Amino acid sequence: MKSRGADGSAGEDRPATDSRSAVLARVRTALSDVPSDETPDDVPVPRSYRRTVAPGDVVGLFAARVADYRATVVRCAPEDVPGTVAALLERRGARRVVVPDGFPPEFLTRTDADLVGDRPPLSVHRLASVDGILTTATVAVAETGTIVLDTGPGQGRRALSLVPDYHLCVVRAEQVVPDVPEALAGLEPHRPLTFISGPSATSDIELRRVEGVHGPRTLDVVLVVADTSGANP
């Protein structure tokens, strides 16, 4: 690593670890007056930042924003989830799908797909060879069309939603909140959190959108609502 002097001139080659050590030293200096027995919970953090005004139809906004990301959103009543899951898997040609521990078994009664468990944990090679993954979610954000997974029941470890090329996620209407601050307030920060806003995509190269670079290229969301009168986006 080439360093520079105060005048901007090139200096000696220094290992990258020198920069890391310098940053950590500054952090330690800044924290030197913090009592050793103090915990983060002892210091209240002001939460006066601007919050989004919740729209009248939070669930509708969530569905529209997810569809904007080129994902498919299908609304259905609770009793129709098994049939909807089966139909989507058939439409995508997903014959072998991973089902994490805790995924509601009643959602799987209509599909004849080969359901693969993740115990013991599947290797990356095995995950790459399946057709897709089924999960539930912890919370969903209407304003950003984001689904959050925290490895809880029905969600599995993070690799499950990152390696397979297809992801089908079941979200209940009551899990949808208006904005990111409200979503964060209900999350456990010490859990592994995965925020999903549509299929994996990047526009880093020549601003051209490419999907499936670091996660599934196809995302289907089954939105479970009591009233299915709203049109699917």
Side-chain angles (χ1 to χ4, degrees), residues 58-100 102-116 118 127-142 144-176 194-202 209-226 228 230-233:
V58 175
V59 173
L61 176 61
F62 169 73
R65 290 290 166 82
V66 173
D68 285 344
Y69 287 121
R70 303 182 189 178
T72 297
V73 182
V74 179
R75 302 184 193 219
C76 71
E79 63 271 18
D80 295 329
V81 174
T84 302
V85 168
L88 287 171
L89 292 179
E90 183 176 0
R91 180 192 303 177
R92 300 297 185 185
R95 301 303 308 161
R96 296 183 68 249
V97 294
V98 177
V99 181
F103 189 87
E106 62 270 22
F107 293 169
L108 303 171
T109 55
R110 296 283 299 279
T111 181
D112 59 358
D114 181 12
L115 307 178
V116 182
D118 188 42
L127 284 177
S129 69
V130 300
D131 297 320
I133 169 72
L134 299 176
T135 75
T136 56
T138 295
V139 69
V141 185
T144 60
T146 301
I147 299 165
V148 185
L149 277 59
D150 70 353
T151 72
Q155 300 167 53
R157 55 196 174 98
R158 296 191 70 192
L160 299 187
S161 61
L162 296 175
V163 178
D165 201 45
Y166 170 57
H167 182 186
L168 188 158
C169 184
V170 180
V171 178
R172 303 189 312 276
E174 57 268 28
Q175 293 180 296
V176 181
T194 303
F195 289 70
I196 300 169
S197 298
S200 166
T202 182
R209 180 182 174 94
V210 179
E211 296 179 353
V213 176
H214 41 64
R217 73 180 67 244
T218 304
L219 172 66
D220 286 339
V221 177
V222 176
L223 186 54
V224 187
V225 295
T228 58
N232 289 314

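Note that the coordinates shown come from a computational prediction; the quantities given were computed from them, not determined experimentally.
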Any donor-acceptor N/O pair, Thr136 side chain to Pro153 backbone, under 3.5 Å: yes
Non-hydrogen atoms of Ala159 and Pro164 that approach each other most closely: O-CD, 3.9 Å
Asp131: partners by side-chain hydrogen bond (donor to acceptor under 3.5 Å, both in side chains), with sequence neighbours left out: none
Counterpart residues, salt bridge (charged side-chain N to carboxylate O under 4.0 Å, His left out), relative to Arg110 (two or more places apart): none
Given Thr111, Leu115, Asp118, the one that forms side-chain contact (heavy atoms from CB on, under 4.5 Å) with Val99: Leu115
Verdict with reasoning, Arg65 to Thr144, per side chain to side chain contact (heavy atoms under 4.5 Å, CB included): CA-CA 6 Å; Arg65 290 290 166 82; Thr144 60; over 6 Å; no
Test side chain to side chain contact (heavy atoms under 4.5 Å, CB included) applied to Leu89 and Leu134, step by step: CA-CA 10 Å; Leu89 292 179; Leu134 299 176; 3.9 Å; yes
Whether Gln155 side chain and Asp150 backbone form a donor-acceptor pair below 3.5 Å: yes
Nearest heavy-atom neighbours spanning Ala140 and Phe62: CB-CE1, 3.6 Å
Which atom of Pro100 lies closest to which atom of Gly154, heavy atoms considered: CG-O, 3.7 Å
pair Thr72-Arg92: side-chain heavy atoms closer than 4.5 Å: yes
Pair Ile147-Val221, side chain to side chain contact (heavy atoms under 4.5 Å, CB included): steps then yes or no: CA-CA 9 Å; Ile147 299 165; Val221 177; 3.6 Å; yes
Heavy-atom closest contact (Ala67 atom, Val73 atom, distance): N-CG2, 4.1 Å
Any side-chain heavy-atom pair of Leu149 and His167 under 4.5 Å: yes
Separation of Leu168 CG from Arg91 CZ (nearest 0.5 Å): 10.0 Å
Minimal non-hydrogen separation, Val81 against Cys76, with atom names: CG2-SG, 3.7 Å
Interatomic spacing from CD1 in Ile196 to OG in Ser161 - rounded to 0.5 Å: 4.5 Å
Atom CD of Glu106: over 12 foreign heavy atoms under 6.0 Å: yes
Test side chain to side chain contact (heavy atoms under 4.5 Å, CB included) applied to Leu223 and Val59, step by step: CA-CA 9 Å; Leu223 186 54; Val59 173; 3.5 Å; yes
Results of side-chain hydrogen bond (donor to acceptor under 3.5 Å, both in side chains) for Thr84 - residues two or more places apart only: none
Spacing of Arg95 atom CZ and Asp112 atom CG [to the nearest 0.5 Å]: 4.5 Å
Gap separating the CD1 atom of Ile133 from the CZ atom of Phe103, nearest 0.5 angstrom: 8.5 Å
For the student: nearest non-hydrogen atoms of Thr109 and Pro82, plus distance: OG1-CB, 3.5 Å
Pairwise distance CG(Leu162) to CZ(Arg157) - rounded to 0.5 angstrom: 10.5 Å
